[in-house]
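Whatever order the structure lists ligands and atoms in, that order sets their numbers, starting from 1. What you see below is based on every heavy atom in this structure, not just the backbone, and it leaves out hydrogens, waters and symmetry mates. Here the structure is a predicted model, which is why all the values come from computation and not from measurement.
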Amino acid sequence: MEVKSESGNRNSSSKLVLYSYWQSSCAWRVHFALILKGLSYEYKAVDLLKGEQFSPEFERLNPLHYVPVLVDGDVVISDSFAILLYLEEKYPEKPLLPKDPQKRTLNLQAASIVSSSIQPFNLLTSLKYLDEKLGPEERLLWAKSSIEKGFLALEKLLQDFAGTYGTGEEVNMVDVFLAPQIAVAVEMCKVDMTKFPTLNRLFESYKALPEFIASTPERQPDAVH
Ligand SMILES: N[C@@H](CCC(=O)N[C@@H](CS)C(=O)NCC(=O)O)C(=O)O
């Protein structure tokens, strides 16, 4: 595993370490959240294409062999949703979950839809398997249809609550999960976002956010251009 560091304008007293891969949408959620919260972190690249997630060193951190993993001193967390909830509790400044119970639940529900009902169907391992068994066209159709099913649900869930961002005028957890997922949908799966007007509008807001821009894959230290 190659160790690369990132420095920024974030709180230099924190000792957070993020194991990541530049093209991982799950790791992207954590980058985006760390930047929104103004927390500095060390970036450790795990090359998923070279199989570095299966190294004994990484397996000790996550026996599931997935990124992201966040290490905060003695605390090791190996799931983006759990990492986000941990960050909320440990670093409550600049919160990503609103206090209002309905908005808070909406954020958790939308994050869960992305995390449990969209992204797992687009996992690198599964797509590779589908590619080998059915070919690239079928693989793309599968990826697209699973994303569109989830987006339809998210569109209905958020349409009455969305403002500039998913649940109003503040960037919240819903946005941290949605923004990378929409980017993957548009760039990799060529999903026609005009079918999802609320999500499409939100994506325009995300693309204008400096914190989102700083978190994009091509800005990461291990990006291949
Ligand atoms: N639920 C986990 C999923 C993590 C996950 O699926 N990570 C992908 C990258 S987005 C991965 O490491 N894939 C490696 C592989 O498929 O071998 C999370 O949200 O962190």
Side-chain angles (χ1 to χ4, degrees), residues 1-2 4 16-36 41 43-72 75-88 90 96-97 107-134 136 139-140 142-144 146-147 150 154 172-189 191 212 215-224:
M1 261 181 292
E2 200 179 346
K4 298 187 176 180
L16 298 169
V17 180
L18 179 64
Y19 289 77
S20 178
Y21 176 63
W22 70 290
Q23 284 185 310
S24 159
S25 66
C26 306
W28 189 349
R29 300 166 192 160
V30 181
H31 293 293
F32 190 16
L34 287 166
I35 296 172
L36 285 166
Y41 57 101
Y43 186 104
K44 291 203 181 189
V46 181
D47 191 331
L48 298 183
L49 296 185
K50 287 192 185 150
E52 289 180 351
Q53 68 273 38
F54 301 108
S55 73
E57 186 197 339
F58 189 72
E59 193 178 56
R60 275 194 290 279
L61 296 173
N62 186 5
L64 272 174
H65 309 118
Y66 294 151
V67 294
V69 172
L70 185 81
V71 179
D72 187 9
V75 182
V76 179
I77 317 154
S78 58
D79 181 275
S80 64
F81 210 154
I83 292 169
L84 265 287
L85 293 175
Y86 172 82
L87 291 175
E88 275 305 280
K90 180 88 190 278
L96 293 171
L97 280 173
N107 271 271
L108 294 171
Q109 194 183 341
S112 180
I113 290 174
V114 174
S115 171
S116 310
S117 303
I118 300 180
Q119 185 274 333
F121 296 103
N122 290 272
L123 193 62
L124 181 67
T125 332
S126 323
L127 294 182
K128 237 171 102 185
Y129 180 83
L130 291 174
D131 223 10
E132 283 163 17
K133 296 283 172 196
L134 301 169
R139 189 248 299 141
L140 185 62
W142 166 261
K144 246 177 122 165
S146 52
I147 289 175
L154 285 164
N172 282 148
M173 197 174 287
V174 54
D175 308 299
V176 167
F177 279 75
L178 256 185
Q181 187 59 65
I182 301 178
V184 167
V186 171
E187 284 152 31
M188 291 172 67
C189 300
V191 168
F212 177 68
S215 73
T216 51
E218 53 278 12
R219 301 279 181 118
Q220 303 314 311
D222 56 336
V224 177

*Please indicate whether any nitrogen or oxygen in Pro68 is less than 3.5 Å from any nitrogen or oxygen in ligand 1.*
no

*If we only count N/O pairs under 3.5 Å, is Asp79 in contact with ligand 1?*
yes

*Between Glu52 (side chain) and Asp47 (backbone), is there a donor-acceptor pair under 3.5 Å?*
yes

*Can you tell me if Gln119 has a non-hydrogen atom under 4.0 Å from ligand 1?*
yes

*Does Lys128 have a heavy atom less than 4.0 Å from any atom of ligand 1?*
no

*Atom NZ of Lys90 with >12 non-hydrogen neighbours under 6.0 angstrom*: yes

*If you draw a 6.0 Å radius around CZ in Phe54, do more than 12 non-hydrogen atoms from other residues or ligands fall strictly inside?*
yes

*Near Arg29, which atoms of ligand 1 are under 4.0 Å from a heavy atom of that residue?*
19 (O)

*Find all atoms of ligand 1 within a distance of less than 4.0 Å from any non-hydrogen atom belonging to Leu124, and give their numbers and elements.*
16 (O)

*asked:* Please find the pair of heavy atoms, one from Arg29 and one from Val114, that lie closest to each other, and give the distance.
replied: NH2-CG1, 3.7 Å

*Atom of Asn122, atom of Ser146 and distance for their closest heavy-atom approach*: ND2-OG, 3.5 Å

*What class does the angle between the rings of Phe177 and Phe81 fall in, given that below 30° is parallel, 30 to 60° is tilted and above 60° is perpendicular?*
tilted

*Please work out whether the ring planes of Tyr19 and Phe58 are parallel, tilted or perpendicular, with thresholds of 30° and 60°.*
tilted

[atom] [closest protein heavy-atom partner, distance rounded to 0.1 Å]:
{"atom": "atom 7 (N) of ligand 1", "value": "Val67 O, 2.8 Å"}
{"atom": "atom 9 (C) of ligand 1", "value": "Ser24 OG, 3.4 Å"}
{"atom": "atom 16 (O) of ligand 1", "value": "Thr125 OG1, 2.3 Å"}
{"atom": "atom 11 (C) of ligand 1", "value": "Tyr66 CD2, 3.7 Å"}

*With atom 18 (C) of ligand 1 as the reference point, say which of Gly51, Ser80, Ala82, Ser78 has the nearest heavy atom.*
Ser80

*For ligand 1, note which part of Leu123 has a heavy atom under 4.0 Å away: side chain, backbone, both or neither.*
side chain

*Not counting sequence neighbours, list each pair that qualifies as a side chain to side chain donor-acceptor pair (under 3.5 Å) and has a residue in residues 173-188.*
Asp175-Tyr206

